[in-house]
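Everything numeric in this text was worked out from a predicted model, so none of it was measured. Sequence lines set the chain letters: A, B, ... in the order given, protein chains first and strands last, and positions in each chain run from 1.
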Protein chains: 2
Amino acid sequence: MYVQHAKTSWTDIELSSFRHGDVIPGTYDENVFTAHVSGPTLTSPRASILDIARTAQVSPATVSRAFNQPQLVNPHTLARILAVAHDAGFRPNRVGSSLRSGSTRTLGLVLPTLRNPVFAECFEGAEARARDDGYSVMVTTTGYDRQRERDAVSLLLDHRVEGIVVTVTHTVRNPVLEQIAAGGVPYVLAYNESATYPYVSVDNARAAKDVIAALAALGHRVIAVVTGPLAASDRAGLRLAGACRAAQRLGLPAPRHIEMPLHTDACRTTLANALDGAAAPTAMFCSNDLLAAAVIAAASALGRQVPRDLSVCGFDGVPFGAHMVPTLASMAQPSRDIGAFACDLLLGALMGAPLVSRCLPHRFIAGGTVAAAPIRPALLVERRQS
Amino acid sequence: MYVQHAKTSWTDIELSSFRHGDVIPGTYDENVFTAHVSGPTLTSPRASILDIARTAQVSPATVSRAFNQPQLVNPHTLARILAVAHDAGFRPNRVGSSLRSGSTRTLGLVLPTLRNPVFAECFEGAEARARDDGYSVMVTTTGYDRQRERDAVSLLLDHRVEGIVVTVTHTVRNPVLEQIAAGGVPYVLAYNESATYPYVSVDNARAAKDVIAALAALGHRVIAVVTGPLAASDRAGLRLAGACRAAQRLGLPAPRHIEMPLHTDACRTTLANALDGAAAPTAMFCSNDLLAAAVIAAASALGRQVPRDLSVCGFDGVPFGAHMVPTLASMAQPSRDIGAFACDLLLGALMGAPLVSRCLPHRFIAGGTVAAAPIRPALLVERRQS
DNA sequence: TTGAAAGCGCTAACAT
DNA sequence: ATGTTAGCGCTTTCAA
């Protein structure tokens, strides 16, 4: 019993997680509704700062100080206020506070997707750095879609975030950046590079160059660069360009560009065509690790073994690359730091510091998916002739 | 030149992404500071509803209606207001709106980590469902840590989210749930199951049972269950228990439990010990896919080939399982739906509907990491004797 | 060290 | 269909 998962929905909400594998009959289950503890929560209106002030026999201003500038409050008074507040389960209402102070103490983060661990790590780095300064992070995903980028930014501006970290498809002629500026909040690009706008990123072209150099050092001459749609990621374009330039400098033939329909999956037919013929590449540089894993799986399905028949190198250095067999070679980005530094810059900007772009170091992680180039008949002939 | 990555930091902020692989010399890069477009954003105080009202020659209430109940406003007036607002780049301030209306139109989401794509998908499902009702989602991660669970909930309550979706380490005697209740907002557990609190989850025990049944059908009798620390995940415990019960019913020896120090990595020594001896397991059921990948990698490093020497089945059905070679067998959860339904329940509760637990279907995804059990000498002897 | 008073931006109730 | 008024919870002068 074969079931095609790609377009199957488990429930009434769309779900598209699965491509491979059959469903073993008998493991289907039906939705189960458990009659259950219910009842809309009955809410006694929560205490406000005035209630606490009354009970603690102080003015509301003093209660406010107790939470925000406790050092200005008499220790005895402070203790009394905090005790009363604690008993009442009181916590200052950030909405009131934000409105009055004009500060939400929240930063916005706009990322293509969190399903790619690269961006999830960026988020965690951003959240950690923001929290150090008492800031929260509100994150939204765009799915590499320019319209959703605009919507996400609108939403965050409506929420009155005080700064925005954003990864966009392209930095040139992208109205999103003006949109943020018009919102009056500072922003920093993450992963994108730009001569115009502040950013935190690796040097994508140079990182790609280092990948090509590493492959060339292993004897690879015919190298392909695999990316998702360039329209959806200027990083992929920079990596491709960097790879081409590096190949030229090293005297290698110009790498072929294989553009897959998605950033996270490999089209088997496209790959089969690329691997066909005598001048087929011996190595592939993929613009991200999810794509690299997909390419390896597709190549395997086509009967090519990695790295024996084909070397594959990814980009990003996601943790699960270390758990692939063989381990995935990859050019790693410091994603956590990218998120953290981007927030660091924003928080600095809120204190009046200038926004300065920052280029973080990349690192090549050797892995079992890359090996020395096989010596092929065609090349042997060439050598004999020379 | 070998470099240990595990404890290396690229920059002044901690980073711990890499375990495998050497660094190819010469690819190091230094932080680069690009002198850059800077200047703290100069913000002319943004227009308020009163400015718009004045310019459009209407009362502030009418401007408010134009944005919130446009059908109540005369089309001409509406057009004028919207034009004025657009020219001024005006958007209603949600902070003011939230304070006055008592509704932030925001839900909170508390998850162990987003680096596991399972939870990232849950977030995306939650965000999509919330957005359908004009709600935003504020997400925080806890790293499977109970103290951070408390902090996360505090933060969200301070932000006055109107409901909370939360995955906790354990549901029993966990003060977090009372904490939320005390905050006066509805909540739903995600991934956790509970007889006491509303939840959205798969039936973990039954899913585990189906895994064991599938393995048994392939001839496996000696099966091990691999989990991370049970203290950090009651799901792992439920899956273990379900597997044990299933084994008993099927007449199999009780599965051994292998508890790894992390939910996302496999200790090679522990695994080596488990694989040692004549009665070593022929199959391993891992409580999540990241762990399964790690186990496969570790087994491979120990010279055991999957699935020839050892079958491995994961849990979660994360997308990259389809790109492993061989593909990862896994018991899949509908993560997107878990997030979406949890928000659906909360949004319903905000409209007065009861909170009802919901059990969503699991699905076994066959994969190349599971194969028929090998016929081993010890078993042959047994058979001869019988 | 504490208090009084004003108001952040918006919307809900009531009035017209 | 639109206006008037009051106040959500808090912080921030300014004054004591």
Does some side-chain heavy atom of A/Arg150 sit less than 4.5 Å from a side-chain heavy atom of A/Val153? no

How close or far is atom P of C/dC10 from atom CG of A/Asn93, stated in whole angstroms? 17 Å

N/O donor-acceptor pair, side chain A/Arg46 with base D/dG9, under 3.5 angstrom: no

Hey, does the side chain of A/Ser97 come within less than 4.0 Å of D/dT11's phosphate (OP1/OP2), counting only N and O? yes

Which comes earlier along DNA chain D counting from the 5' end, the contact point of B/Pro75 or that of B/Leu99, where each point is its nearest nucleotide? B/Pro75

Taking the side chain as everything from C-beta on, heavy atoms only, tell me whether A/Cys343 gets closer than 4.5 Å to A/Tyr135. no

Ignoring hydrogens and angles, does a donor from either the side chain of B/Arg94 or the base of C/dG9 sit under 3.5 Å from an acceptor on the other? no

Considering only heavy side-chain atoms of B/Val58, the closest of D/dC10, D/dG3, C/dT11 is D/dG3

Taking atom C1' of D/dT12 as reference, at what distance in whole Å does atom CD of A/Gln69 sit? 9 Å

From the set D/dT4, C/dG9, D/dC10, return the single nucleotide nearest to any side-chain atom of B/Ala61. D/dT4

May I ask you to say what B/Ser48 touches in the nucleic acid, namely base, sugar-phosphate or nothing, with a heavy-atom cut-off under 4.0 Å? sugar-phosphate

Reckon A/Phe67 touches a base, only the sugar-phosphate, or nothing at all at heavy-atom distances under 4.0 Å? nothing

Distance only, no hydrogens: is a donor on one side chain within 3.5 Å (strictly under) of an acceptor on the other, for B/Glu124 and A/Thr113? yes

Within less than 4.0 Å of OP1 or OP2 of D/dT11, is there a side-chain N or O belonging to A/Asn68? yes

Please report the distance, rounded to the nearest Å, between CZ in B/Arg54 and P in D/dT4. 13 Å

Name the nucleic acid region contacted by A/Val63, choosing base, sugar-phosphate or nothing; use a 4.0 angstrom heavy-atom cut-off, strictly under. nothing

Nucleotide C/dG3, atom C1' - distance to CG of A/Leu50 in whole Å: 13 Å

OP1 or OP2 of D/dG3 sitting under 4.0 Å from any side-chain N/O of B/Thr62? yes

Nearest-neighbour nucleotide for the B/Pro60 side chain, C/dT11, C/dC8, C/dG3 considered: C/dT11

Which part of the nucleic acid does B/Thr77 contact within heavy-atom distance under 4.0 Å: base, sugar-phosphate only, or nothing? sugar-phosphate

Expressed in angstrom and rounded to an integer, what is the separation of A/Arg100 atom CZ from D/dC8 atom P? 16 Å

Could you give the CG-to-P distance, from B/Leu72 to D/dT2, as a whole number of Å? 10 Å

Basic-acidic side-chain contact under 4.0 Å: B/Arg91, A/Asp158: yes

Here the distance between atom C1' of D/dT2 and atom NE2 of B/His76, to the nearest Å, is 16 Å

When you check the side-chain N and O atoms of A/Glu149 and A/Tyr144, is any donor under 3.5 Å from an acceptor? no

A/Val95 near the nucleic acid: base, sugar-phosphate alone, or nothing, with a heavy-atom cut-off under 4.0 Å? nothing

So which nucleotide from C/dA4, D/dC8, D/dT11 ends up closest to the side chain of A/Ser64? D/dT11

In plain terms, say whether A/Arg54 and A/Asp51 are close enough for a salt bridge, that is, a side-chain N and a carboxylate O under 4.0 Å apart. yes

Which nucleotide wins on minimum distance to the side chain of A/Ser101, given the candidates D/dG3, C/dT2, D/dT11? D/dT11

From C/dA4, D/dC10, C/dA13, nucleotide with atom closest to B/Arg65 side chain: C/dA13

Distance in angstrom units between B/Ile81 CD1 and C/dC10 P, rounded: 13 Å

